[in-house]
Amino acid sequence: MMKNNVKIPDTEKWFASPTTSYEGSLEEVRAYVPKFEKRTFGSSLEKPIYRGEETLFESPIIPSGVNPYYDTIVRLPLPTETEVPVVPIGIVSPQYCLLQHHQVFDEVLNVLPTLKVQSEEITTQLKLTPFGERMHLSLVFPERYGFSVTNPEDKLFLRLECFNSVEGSARLMIFMSWLRLVCSNGMMIVKKRTEYQKRHDKTMEIGDIGDILKDGIATVSQEKKRYLKNAQRLVTKDTLQKWVNGPLAKRWGVKAAVRTWHILQSGHDVVLADPFEKGLPTEKTVINEKPVPGAVLPGNTVYAVVQALAWLAKERKDIQEQLVWKEQIDDVIQPLLKKKAA
């Protein structure tokens with residue numbers, strides 16, 4: 001499905017930082033993940049200073065040049081980076097719990113045998129910001145865990161996604177999703193036990209990855225029924241227009257509503273010819289852009305609508321925005337479903 005051991009510069013950003021992708025096996029990709037260390041926040045980063053768990057310092061005397069109210073997260077060189085210095089990448093509170101990215105990899109590797117999945121069966125994509133401070137890990141499961149919706153070539157593959165930061169800029173997030181290969185759209189599994197969000201504190205349990213994986217695999221049959229039902233559930237043009245011009249435009253904005261409408265009508269993404277033109281989203285004058293890979297036409301089913309929204313989410317240039325939009329898709333379509341799609 002993907003080429004092994006490939007480093008790919010991205011056009012995406014994550015909180016304004018550029019990202020780089022790495023694709024290959026779990027073991028291959030893990031080699032690109034740096035380690036980090038939590039040190040006291042002071043004028044020297046050469047050595048960590050011991051900090052007691054209950055007090056800022058065991059001694060009432062604060063060492064010179066040290067701020068007792070913060071700690072520093074530093075990036076350590078990779079084994080192959082012989083001339084790269086230790087780099088400070090952020091400051092956190094003394095209560096902050098540092099979760100290493102490689103701990104996420106190792107937990108996945110530990111869990112896979114219990115699920116009767118070999119690590120070499122997993123296709124892995126890793127996205128890192130420049131110093132590795134933020135990580136998006138995507139693990140695509142073997143074809144036997146996927147299914148086809150509209151035709152045999154249009155497959156959804158089960159995927160585990162992990163988001164982590166080592167300097168507190170993003171929560172630890174772990175969830176199961178579907179990857180539609182024809183367009184690289186991602187759709188989250190709608191089941192509470194297949195996702196986990198946690199702040200970096202003492203209550204964080206990386207071992208929850210195993211439970212999420214097991215629940216995700218167990219819900220495949222149920223998810224398959226949901227998607228097949230959505231592929232058969234028709235939406236009239238009038239119902240679709242009212243939803244696009246109303247709830248969708250209000251939730252995601254006029255531009256997203258316009259793009260959704262035209263993707264469902266023609267299979268093409270569009271831009272507004274005149275951003276200041278008056279009128280409803282479905283009435284706006286547009287300029288056709290690229291065809292949307294795998295656009296479901298005619299776009300008169302709930303499944304087609306979900307795919308159009310997933311495309312818009314994927315096209316956001318910031319990874320955090322992609323995640324937020326993807327999380328919202330199920331809520332965004334609820335007003336459409338309440339209008340009793342056929």
Side-chain angles (χ1 to χ4, degrees), residues 9-19 149-150 154 177-180 182-188 190 227 230-342:
D10 284 338
T11 57
E12 297 173 335
K13 294 185 180 295
W14 195 345
F15 292 145
S17 296
T19 61
V149 181
T150 57
D154 185 6
S177 66
W178 294 108
L179 174 65
R180 186 171 177 236
V182 68
C183 53
S184 298
N185 281 354
M187 293 78 66
M188 294 182 72
V190 184
Y227 278 96
N230 285 344
Q232 298 297 319
R233 193 171 182 180
L234 299 177
V235 182
T236 66
K237 190 170 185 178
D238 180 63
T239 297
L240 189 60
Q241 276 185 308
K242 290 177 180 177
W243 172 75
V244 167
N245 291 328
L248 180 59
K250 184 177 181 180
R251 184 73 179 266
W252 276 11
V254 170
K255 288 183 181 178
V258 171
R259 293 172 67 193
T260 301
W261 174 251
H262 285 277
I263 291 171
L264 292 170
Q265 299 307 303
S266 68
H268 279 259
D269 208 341
V270 299
V271 294
L272 293 170
D274 177 6
F276 302 103
E277 180 185 12
K278 302 292 184 181
L280 296 171
T282 57
E283 299 170 345
K284 300 278 190 181
T285 307
V286 299
I287 300 171
N288 273 356
E289 288 204 316
K290 58 187 176 184
V292 174
V296 181
L297 295 174
N300 61 351
T301 65
V302 173
Y303 179 71
V305 173
V306 169
Q307 292 305 317
L309 297 179
W311 168 261
L312 295 186
K314 182 181 72 71
E315 289 294 286
R316 303 299 293 180
K317 294 303 182 183
D318 185 271
I319 289 177
Q320 199 67 27
E321 286 186 14
Q322 291 176 9
L323 180 58
V324 170
W325 279 46
K326 188 163 62 173
E327 284 183 299
Q328 292 177 354
I329 289 175
D330 192 56
D331 287 338
V332 169
I333 66 169
Q334 289 308 308
L336 180 66
L337 299 180
K338 290 176 183 178
K339 291 183 179 294
K340 295 184 179 180

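Side-chain atoms are counted along with the backbone in the values below, which use heavy atoms only and exclude waters and symmetry mates. None of these values were measured; they are calculated from a predicted model.
- Here the side chains of Leu272 and Lys255 are in contact, with some heavy-atom distance below 4.5 Å.
- Here the closest non-hydrogen pair linking Pro293 and Val182 is CB-O, 3.5 Å.
- Neither side chain, Gln241 nor Trp261, offers a donor N or O lying under 3.5 Å from an acceptor on the other.
- If you check the side chains of Asp269 and Trp311, you find a donor sitting under 3.5 Å from an acceptor.
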Going through the checks in order, is the side-chain contact (heavy atoms from CB on, under 4.5 Å) test met by Gln307 and Asn185? CA-CA 7 Å; Gln307 292 305 317; Asn185 281 354; 3.2 Å; yes
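- The two residues Arg259 and Val270 come nearest to each other via the heavy atoms CG-O, 3.5 Å.
- With sequence neighbours excluded, no residue forms a salt bridge (charged side-chain N to carboxylate O under 4.0 Å, His left out) with Glu277.
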Report the C-alpha separation of Ser177 and Met187 in whole Å, then their side-chain angles, then the decisive distance to 0.1 Å, and conclude whether the side-chain contact (heavy atoms from CB on, under 4.5 Å) test is met. CA-CA 5 Å; Ser177 66; Met187 293 78 66; over 6 Å; no
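- Expressed to the nearest 0.5 Å, how far CG of Asp274 lies from NZ of Lys284 amounts to 8.0 Å.
- Side-chain contact between Val305 and Trp243: present, with at least one pair of heavy atoms (C-beta onward) separated by less than 4.5 Å.
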Worked verdict on Lys13 versus Thr19 for side-chain contact (heavy atoms from CB on, under 4.5 Å): CA-CA 6 Å; Lys13 294 185 180 295; Thr19 61; 5.9 Å; no
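- Counting only distance, with no hydrogens or angles, the side chain of Ser266 and the backbone of His262 share a donor-acceptor pair below 3.5 Å.
- Looking only at side-chain heavy atoms (C-beta outward), Leu248 and Leu309 come within less than 4.5 Å of each other.
- Rounding to the nearest 0.5 Å gives a distance of 5.5 Å between CG of Asn300 and CG of Leu234.
- More than 12 heavy atoms of other residues, nucleotides or ligands sit less than 6.0 Å from atom NZ of Lys314.
- Nearest approach of Thr150 to Tyr303, heavy atoms of both residues: CG2-CE2, 3.7 Å.
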Let's go through Leu312 and Glu315 carefully: what are the C-alpha distance in whole Å and the side-chain angles of both, what is the deciding distance for side-chain contact (heavy atoms from CB on, under 4.5 Å) to 0.1 Å, and is it a yes or a no? CA-CA 5 Å; Leu312 295 186; Glu315 289 294 286; 5.8 Å; no
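- The heavy-atom pair separating Ala249 from Pro281 by the smallest distance is CB-CG, 4.0 Å.
- Minimum heavy-atom separation, Ala310 to Gly186: CB-O, 3.9 Å.
- Looking at Ile333 and Val306, their side chains come closer than 4.5 Å, going by heavy atoms from C-beta outward.
- Here the side chains of Leu297 and Gln265 are not in contact, with every heavy-atom distance at 4.5 Å or above.
- Glu12 places none of its side-chain heavy atoms less than 4.5 Å from the side chain of Arg316.
- Here the NZ atom belonging to Lys242 is positioned 14.0 Å from the NZ atom belonging to Lys237, to the nearest 0.5 angstrom.
- Taking the side chain as every heavy atom from C-beta outward, Asp330 and Met188 never approach each other to under 4.5 Å.
- Atom CZ of Phe15 sits about 6.5 Å away from atom CG of Asp318, to the nearest 0.5 Å.
- At least one donor-acceptor pair under 3.5 Å links the side chain of Glu283 to the backbone N or O of Leu280.
- Here the CD-CD1 distance, from Gln334 to Ile329, works out to 12.5 Å after rounding to the nearest 0.5 Å.
- With a 4.5 Å cut-off on side-chain heavy atoms, Leu240 and Leu264 count as touching.
- Pairing each heavy atom of Ala231 with each of Thr301, the nearest pair is O-CG2, 3.3 Å.
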